[in-house]
Amino acid sequence: MDPFVKASLHVGVVGGGVAGLACALAAARGGARVQVFEERPEHMQVDTHVEVVPSMLRDLVRIGVGDACVRAGFPFRRTNVLDQAGRKLFAIEAEALAGPRLPATLGITRSSFHEGLREAAVAAGCQMNRGLRVTDVGADGSIEFARSAPVRADLVVLACGSESPLRARVFGASPPVRPGPAWSYFLASRPVGLDEAVLASARDGRKAHVVPVSSSQVGVRMAPAPHQLPHASAPAAWPGELLAGFAGVLGALGDGARNETRAVLRDAHADVAAADWHRGALLAVGDCAHRLPPHFGQSAAQAIEDAVVLGELLERGGSVDELSAAFVRRRRDRVAEVAALTTLAARWDTEPEPATDLPAITRALARLVHQPA
Ligand SMILES: Cc1cc2nc3c(=O)[nH]c(=O)nc-3n(C[C@H](O)[C@H](O)[C@H](O)COP(=O)(O)OP(=O)(O)OC[C@H]3O[C@@H](n4cnc5c(N)ncnc54)[C@H](O)[C@@H]3O)c2cc1C
């Protein structure tokens, strides 16, 4: 394949989630002509949050949206670990990696995060096409739709997530996942004084991770009770029910929960696609290539790393084949290591063993992502 000329490279991005929007933005900043195809007609409105961890904020700065995310989110530095009575055991301090001007970490609602990425991508020149479902993609760069004429791109960035039939079409279906634990996500009113993250346990051993996301809201991620593993297809609970049995600040959160919207359930298995992420003009990114447990914010953080690496490789030039091969070389082993550590953290939530050393897992992960991808 011929080396590409940056300004004329046509990149088609399939999927307008976090990975698709971030890669579209990075590609446009790298000089490509970018079109995004997203099947959902509307702006994403999900009542959940994203924890922007230090490495992710550093990488958001690199693709030009760090400041916008800080403005839309709630900065903090520490995670306070509480016992079952709500007393502080210890704090995990985050190291700021995005420079002296920006905070270490922040919480942000998923809707604000998406909107910030989308606005930046449009400002960088990306063309957004919503309500357009891609029915097939080919290694020759073809992109087919249910009701529109096909398009051909030089590079097709496949960012359709882990559940899309397109993923199975390109990679073959993943082996069925045995029913596993489902984590519950919801937003709640922010109690006065909750201005850092909190990791707390209920009396029955359930764990909750709470992150401030705005002056008025916190985002909550809650693990199921140990050894009771409701699958993601089980009906979701109300926030008030989920918070029953927690003491201290989380108890107060439960007392104030309005129960207007049920929690969102997501299971936390890792699925790093076994097949090559690159075939001809196709390159898989984000959950399509590497679905991860959300622990340490790494599922989203790895999607942003994909975007940074894609942008750098586009800047460098070469052929599309060389670019994609270099992308896989830089990303696959690192993501597999992150998957192993986040899987350990997910297990700590649901199958706790006294020997599991969460601070050690946290330090190992921090060391790994401290170096940019
Ligand atoms: C409820 C929930 C909570 C989460 N919490 C966390 C967390 O706390 N921390 C964390 O790190 N990660 C979390 N994640 C995961 C994180 O959001 C993802 O890893 C990250 O956003 C990357 O996802 P993605 O963009 O690759 O895929 P997705 O977010 O799945 O986006 C894929 C997009 O592709 C579109 N699409 C699919 N098929 C087609 C098609 N055929 N044609 C056109 N468009 C298509 C979909 O509509 C969707 O918009 C959570 C995810 C969920 C669902």
Side-chain angles (χ1 to χ4, degrees), residues 1-41 63 117-118 120-162 164-171 273 275-290 303-304 306-331:
M1 210 173 277
D2 292 336
F4 56 79
V5 179
K6 279 192 255 172
S8 62
L9 187 80
H10 177 195
V11 177
V13 178
V14 180
V18 168
L21 291 173
C23 285
L25 168 60
R29 283 166 57 94
R33 183 166 67 84
V34 182
Q35 285 183 295
V36 179
F37 306 106
E38 165 56 49
E39 68 180 342
R40 274 193 319 254
I63 58 169
L117 286 171
R118 195 195 62 80
V122 169
C126 298
Q127 186 202 91
M128 293 289 159
N129 301 278
R130 281 188 182 164
L132 213 49
R133 190 163 71 84
V134 173
T135 52
D136 205 358
V137 288
D140 60 353
S142 56
I143 305 175
E144 292 176 16
F145 307 94
R147 282 185 297 277
S148 304
V151 168
R152 182 168 299 211
D154 302 306
L155 173 66
V156 179
V157 174
L158 208 54
C160 56
S162 58
S164 169
L166 264 186
R167 182 190 200 242
R169 191 185 285 273
V170 173
F171 291 122
D276 203 346
W277 301 348
H278 155 224
R279 187 168 310 151
L282 300 175
L283 178 65
V285 299
D287 283 13
C288 179
H290 47 72
I304 303 299
D306 286 348
V308 169
V309 171
L310 180 68
E312 278 180 20
L313 293 171
L314 280 166
E315 279 284 342
R316 194 180 296 170
S319 71
V320 167
D321 265 341
E322 285 164 355
L323 177 149
S324 297
F327 180 92
V328 176
R329 274 198 305 278
R330 271 178 69 178
R331 299 296 297 133

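Since this is a predicted model, take the numbers as computed values, not measurements. One is the number of the first residue; the rest follow in order along the sequence.
Minimum interatomic distance between Glu38 and Gly15 (heavy atoms only, all atoms of both residues): OE1-C, 3.7 Å. Nearest heavy-atom pair, Cys126 versus Ala24, reported as atom, atom and distance to 0.1 Å: SG-O, 3.4 Å. Residues Ile63 and Ala26 come closest through the heavy atom pair CG2-CB, 3.9 Å. Across all their heavy atoms, Ala22 and Ile304 have their closest contact at CB-CD1, 3.7 Å. Taking both residues in full, the closest heavy atoms of Ala124 and Arg29 are given as CB-CG, 4.5 Å, listed atom of the first, atom of the second, then distance. Contact detail for Val18 and Ala303: the closest heavy-atom pair is CG1-CB, 4.3 Å.
Note that the CG atom of Leu158 and the CZ atom of Arg169 stand 11.5 Å from one another [nearest 0.5 Å]. Remark: Arg152 CZ to Glu144 CD distance equals 9.5 Å, nearest 0.5 Å. Here the SG atom belonging to Cys160 is positioned 5.0 Å from the CG atom belonging to Leu166, to the nearest 0.5 angstrom. Leu283 CG to Leu155 CG: the interatomic distance, rounded to the nearest 0.5 Å, is 6.0 Å. How far CG of Leu25 is from CZ of Arg118: 12.5 Å, rounded to the nearest 0.5 Å. The CD1 atom of Ile143 sits 6.5 Å away from atom NE2 of His10, with the distance rounded to the nearest 0.5 Å.
Val157 pairs with exactly one of Asp306, Val13, Val36, Val14 by the side chain to side chain contact (heavy atoms under 4.5 Å, CB included) rule, that one being Val13.
Side-chain contact check for Asp321 and Ser319: no donor-acceptor pair (N or O, by modelled atom type) lies under 3.5 Å.
Looking at Leu21 and Met128, their side chains come closer than 4.5 Å, going by heavy atoms from C-beta outward. No side-chain heavy atom of Leu310 sits less than 4.5 Å from a side-chain heavy atom of Val285.
Panel note: side chain Arg279, backbone Val170; a donor-acceptor pair is recorded below 3.5 Å.
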